[in-house]
Each structure stands twice: as C-alpha cells, then as structure tokens.
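Proteins get letters first, then strands, A, B, ... in listed order; numbering begins at 1 in each.
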Protein chains: 2
Amino acid sequence: MFMAVTASEPERKRRKIRPRSERRQQLIDATIRCIAHYGLSSTTMQTVTREAGLSLGTANLHFDSKENLLNETLLFVTNEYNEGLLAIMNSEGIASLAGRLSLLLDFQLGPSVTQRHKMAVWFAYYGEAGARPVYQKICSRRDRAAAQRFEALFDSIIADGGYENVDAKQLAIGYLSLIDGLWLALLIGPKDLSKAGARAVAQAFLHQAFPRHMA
Amino acid sequence: MFMAVTASEPERKRRKIRPRSERRQQLIDATIRCIAHYGLSSTTMQTVTREAGLSLGTANLHFDSKENLLNETLLFVTNEYNEGLLAIMNSEGIASLAGRLSLLLDFQLGPSVTQRHKMAVWFAYYGEAGARPVYQKICSRRDRAAAQRFEALFDSIIADGGYENVDAKQLAIGYLSLIDGLWLALLIGPKDLSKAGARAVAQAFLHQAFPRHMA
DNA sequence: AGAAAGAATGAACAATCATTCATTCTTTGC
DNA sequence: GCAAAGAATGAATGATTGTTCATTCTTTCT
C-alpha cells in the first residue's frame, strides 16, 4: 500500500542550529519572563525551555544545571543595571553635577528599569538571598558598588554646593534604600503609586538634600 | 526465648495531644524559621514538620494544604506587624506627636521587627507576590493600611508644626518605601549597614521633613 | 558530495514533593 | 475505669522535577 507519509505527518518544526552565546541569551531571557510570570519557585526547566521554544536537553547542554542557569540570569540582570549606572556616572557629555543626578534618577525609575519583568526578577532573587549565599553575594556586590559610586557623586555635589551638616555616605544609603523601596511599591501595589509618583518622591528626597542641584 | 523488649526498644517519644490553635501556631512558627533558613522554594512539608517536632500528617490535619499553611503564615506575620503599628498609633499614653513618631521609628527599625527571621519572611513572600495574587493581596492590604495611618499622622504633624510645601501623602509613601529599602539593606548586606545606621538614616529623613518634631 | 563535528532533541530515570488514610495513641466525660 | 472523640502518626501513592544520553539533525570543511 502506498501512503502519502509526508502529507499526513503533523508539521514538524525545522531544527535550527545557533551559536552557544545566542542560545544562552535566549534561555536567560526566557528565564526572566518565567520568573516574572510564574515566580521563582514555579519556574521549572520545562517552563523555561518551552518559553524559549527549545527543548529540555538544550538548557542543560548550555548551562549544565538549573542552578547555574538561575545564577547566570541573576548575573545578567545585575550587570545590565550596573552598566546602565556606570554609563551615566562616567559619561563625559554631561556638564553639570545636577544634570548627572537627574539622569541617574531618570534611569533608576525610568521605563527600562521599572518594567514588571525586571522588578519581579530582582525581588524574586532578593527573597531567596537570605538562604542562598550565591544570590546574596551577587546582590550585595551590586549594592555595594552602587553605594560607593553614589557616595562619591554626593561628595562632589556637597563640595560644589557648599552643603553643610550632610553625610554623603548616609545620604547614599538612604537614597538607594528609597529607590529599592519604591521599586517594591511599584511592583506590589501598582494602583496606589504611579511611576511618575515614585519619581516625584525620589526627586523630593534629592531636593531636600541638595536644593541647589535638584528642582 | 525471653527478651527484655522494652529495654531493647529505642526510646519512643510520647505522643502529646494539644488543642488545634496551639498546633497551628507551632507550625506557623516552624514555617517562619524554615523560610528564613532554607528559603521559600526549599521549604517543604517535611522540613516544616520536622522543625516543629511533629509529623507530616499533623500539618495537613490542621492546615489542609501547604498552600494554606503558607498563606496563614504570611497573614500571621502581617497581622503581628500591623497590630504593633496600631498599638502605637492609638496609644493614649503618648502626649506629643513627636513622641509618637519616635516610637513608630523605634518599632519599625527595632530589634523585634528587624530580626533576620522576620525580614527574610517578608521578602520571601514579596518575591513571589508578583506571581501569586493571594500574597499580593495580603501584602498590598498591609501597605495601604500603613500608608493611610502614616498619612494621617503626617497631616497632624504638618498642621501642628506649620510646615509648608510638604505633601503628607508623598511623605508617607517616601518614608515607608525608605523603611522597606532599609530592611532589605539590613537583610542582604549586613556588613555595610548596622541597625543603628539604618535608624539614623530614617531619622534623618524625618528630621528633614519635620525638623521641629524629630531630633 | 561526503563526512566529521557538534548542536538539538525528548523519552526515560531517579529523586523529591504534597497529600492521603488506615491505624495508633491521648484525652475527656461519665 | 471505660468508652467515645478525635488528635497524631508515617508508610504508601501519584504527581512533578532536574538530569541524562542515545539518537537525530544541521552545518561546515575539504
């Protein structure tokens, strides 16, 4: 009996071969979406690979283990944020300290950083950091780096503006804690607080500290 | 053959019967310790019941499901915090607004609330709240309640002190976000920031806003 | 064109988890 | 003391998960 085998077969997706780095990024992106959608504890290798449009084996081929994939995902998000900060900190096209400060605020509470995806990932890892030293190390390294940069910037602003009775270190801790808290407020209770509202709160904080540098 | 059966038996713990409410609290306490120690995603019915010194079946007997146990644990921690705030807010033994404000700060950054256990539990649930509507509802209800109370208090302080150009609502959001961020800083990077340091940061925030009410 | 290299697959496996329930044990009311 | 009520147990179950690896499929190089 003759049969049109190819016609009766369900469509089979053609397998594509792509370089390792591209697959890794594809899987990291899928992991971010899964964590935001299902939460860290319900993010499985199945959901991630399905989200990425790949198979189970591919994830282990490129990341060896789930643990490693999660670590690399946290590292990616962390680096992305740090590089965004650094780019503004070191940018030479900005003349005034006030302009730099304003740009930093725009970045930290801007649309790129305050996407639900990104914030959900941050706090998913923060929530587990207490029990997982690896997460804690990555997160605290990021926080320390940011704190040092802001402290240096605030030092310059204090010198520039002749502000008195202000401690740059304490202000940096306060400002960065405020930003973290505002992210959390945006993530958990989106009805009470708009992004513009959060921006206004942070701006008011900086205005209180440096009235001659922030409107 | 005669055998000293009772002597050769390993010691068997005598089973104790306790009322339902006591067992529930015992299991909730164990859940808090497990979340702080193992993280939410590694907290299993096994680890919780072992930590509580009870058997697997007991947990399901009193809570029906793991999901329910986790919800009740979040509710307990939330209520504990809310009642602590309310007790100070409604206390009649405090004469001045300044004193009340100071007590609230002491409570929010005091030793009871800033135990590692408690903070780890907060952020474990916050981290999953993006994906679990139940957690989000409980958390956001707490946040809204706290924000309203602080807004009312700040309104009184503004009227009392004749402060101008300050918005009570915005200040309340800022202050509570700052507290959340400081908790996170205490939990993740305990070396950079002491509890006294965190308290100083929050105090500075309030001093900037209400210089005649906070030292 | 042909073959070597290695990327991709997913069924199968072993481990772990929440949940069930027949049984055992305490307490309480009489 | 005795029996009823129901609290406590933990082995067994079924579902889910991370990981493996024999096989299939693409691409590249000669």
Side-chain angles (χ1 to χ4, degrees), chain A residues 5-6 9-31 34-35 37-74 124 128 131-132 134, chain B residues 5-6 9-31 34-35 37-74 124 128 131-132 134:
Chain A
V5 178
T6 53
E9 282 283 331
E11 289 196 31
R12 188 182 294 268
K13 207 176 89 182
R14 194 160 193 276
R15 188 192 286 186
K16 281 282 179 190
I17 288 192
R18 305 264 69 196
R20 183 178 165 89
S21 63
E22 188 175 327
R23 288 293 188 223
R24 283 173 64 94
Q25 191 57 51
Q26 193 177 351
L27 285 162
I28 286 176
D29 291 341
T31 304
C34 282
I35 291 174
H37 197 214
Y38 306 112
L40 190 52
S41 68
S42 296
T43 292
T44 70
M45 294 301 269
Q46 286 236 13
T47 63
V48 169
T49 51
R50 190 187 308 146
E51 174 75 26
L54 298 172
S55 70
L56 264 177
T58 306
N60 273 72
L61 177 68
H62 293 300
F63 283 98
D64 294 333
S65 70
K66 180 188 181 185
E67 186 187 333
N68 189 236
L69 170 61
L70 292 180
N71 290 346
E72 295 287 325
T73 300
L74 176 56
E128 288 285 293
R132 305 213 185 185
V134 190
Chain B
V5 179
T6 54
E9 282 282 332
E11 290 197 30
R12 189 181 293 268
K13 209 175 87 184
R14 195 161 192 275
R15 189 191 286 184
K16 281 282 179 189
I17 290 190
R18 307 262 68 195
R20 181 179 167 87
S21 63
E22 189 176 325
R23 287 294 188 224
R24 283 174 63 94
Q25 192 57 52
Q26 193 177 350
L27 285 162
I28 285 176
D29 290 341
T31 304
C34 281
I35 290 175
H37 197 212
Y38 306 112
L40 191 51
S41 69
S42 295
T43 291
T44 71
M45 295 300 268
Q46 284 236 13
T47 62
V48 169
T49 51
R50 189 187 309 145
E51 173 76 25
L54 298 171
S55 69
L56 265 176
T58 306
N60 274 74
L61 177 68
H62 293 300
F63 284 98
D64 294 333
S65 70
K66 182 188 181 184
E67 187 187 332
N68 190 235
L69 170 60
L70 292 180
N71 290 346
E72 295 287 324
T73 300
L74 175 57
E128 289 284 291
R132 305 213 186 185
V134 190

Using a cut-off of under 3.5 Å, enumerate the N/O to N/O pairs linking the protein to nucleotides 7-9 of chain D.
from	atom 1	to	atom 2	distance (Å)
D:dA8	OP1	B:Arg18	N	3.0
D:dA8	OP1	B:Arg18	O	3.4
D:dA8	OP1	B:Arg23	NE	2.6
D:dA8	OP1	B:Arg23	NH2	3.2
D:dA8	OP2	B:His62	NE2	2.7
D:dA8	N3	B:Arg15	NH1	3.3
D:dT9	OP2	B:Ser55	N	3.0
D:dT9	OP2	B:Ser55	OG	2.9
D:dT9	OP2	B:Thr58	OG1	2.5
D:dT9	O5'	B:Ser55	OG	3.0

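At whole-Å resolution of the value, CE in B:Met45 and P in D:dA12 are 20 Å apart. The distance from atom CG of B:Asn68 to atom P of C:dT20 is 12 Å, rounded to the nearest whole Å. When rounded to the nearest whole Å, the span between CG of B:Asp64 and C1' of C:dC21 equals 15 Å. A:Lys66 has its NZ atom 12 Å from the C1' atom of C:dT16, to the nearest Å. A:Asn60 has its CG atom 15 Å from the P atom of D:dT17, to the nearest Å.
Atom CD of A:Gln25 is surrounded by more than 12 heavy atoms from other residues, nucleotides or ligands within 6.0 Å.
For the helix from C:dA1-D:dT30 to C:dC30-D:dG1, the end axes, each set by the C1' atoms of five terminal pairs, are bent relative to each other by 10° (nearest 10°).
No donor-acceptor pair closer than 3.5 Å links the side chain of B:Thr47 to the backbone N or O of B:Thr43. A donor-acceptor pair is defined here as one N or O able to donate and one able to accept, closer than 3.5 Å; such a pair exists between the side chain of B:Glu128 and the backbone of A:Leu40.
Nearest to the side chain of B:Ser65, among C:dA18, C:dT19, D:dG18, sits C:dT19.
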| message | Go through it in stages, so that I can follow the logic: the residues are B:Phe63 and B:Ile28, the test is side chain to side chain contact (heavy atoms under 4.5 Å, CB included), and I'd like the CA-CA distance, side-chain angles, deciding distance and then a yes or no. | response | CA-CA 10 Å; B:Phe63 284 98; B:Ile28 285 176; 3.9 Å; yes
| request: Could you please spell out the steps behind the side chain to side chain contact (heavy atoms under 4.5 Å, CB included) verdict for B:His62 and B:Glu22? | output: CA-CA 10 Å; B:His62 293 300; B:Glu22 189 176 325; over 6 Å; no
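Nearest heavy-atom pair across A:Gly39 and B:Ala131 is N-CB, 3.3 Å.
Using a 4.5 Å heavy-atom threshold, the side chains of A:Cys34 and A:Arg50 count as separate.
Taking CG from A:Leu54 and CZ from A:Arg18, the interatomic distance works out to 12.0 Å, rounded to the nearest 0.5 Å.
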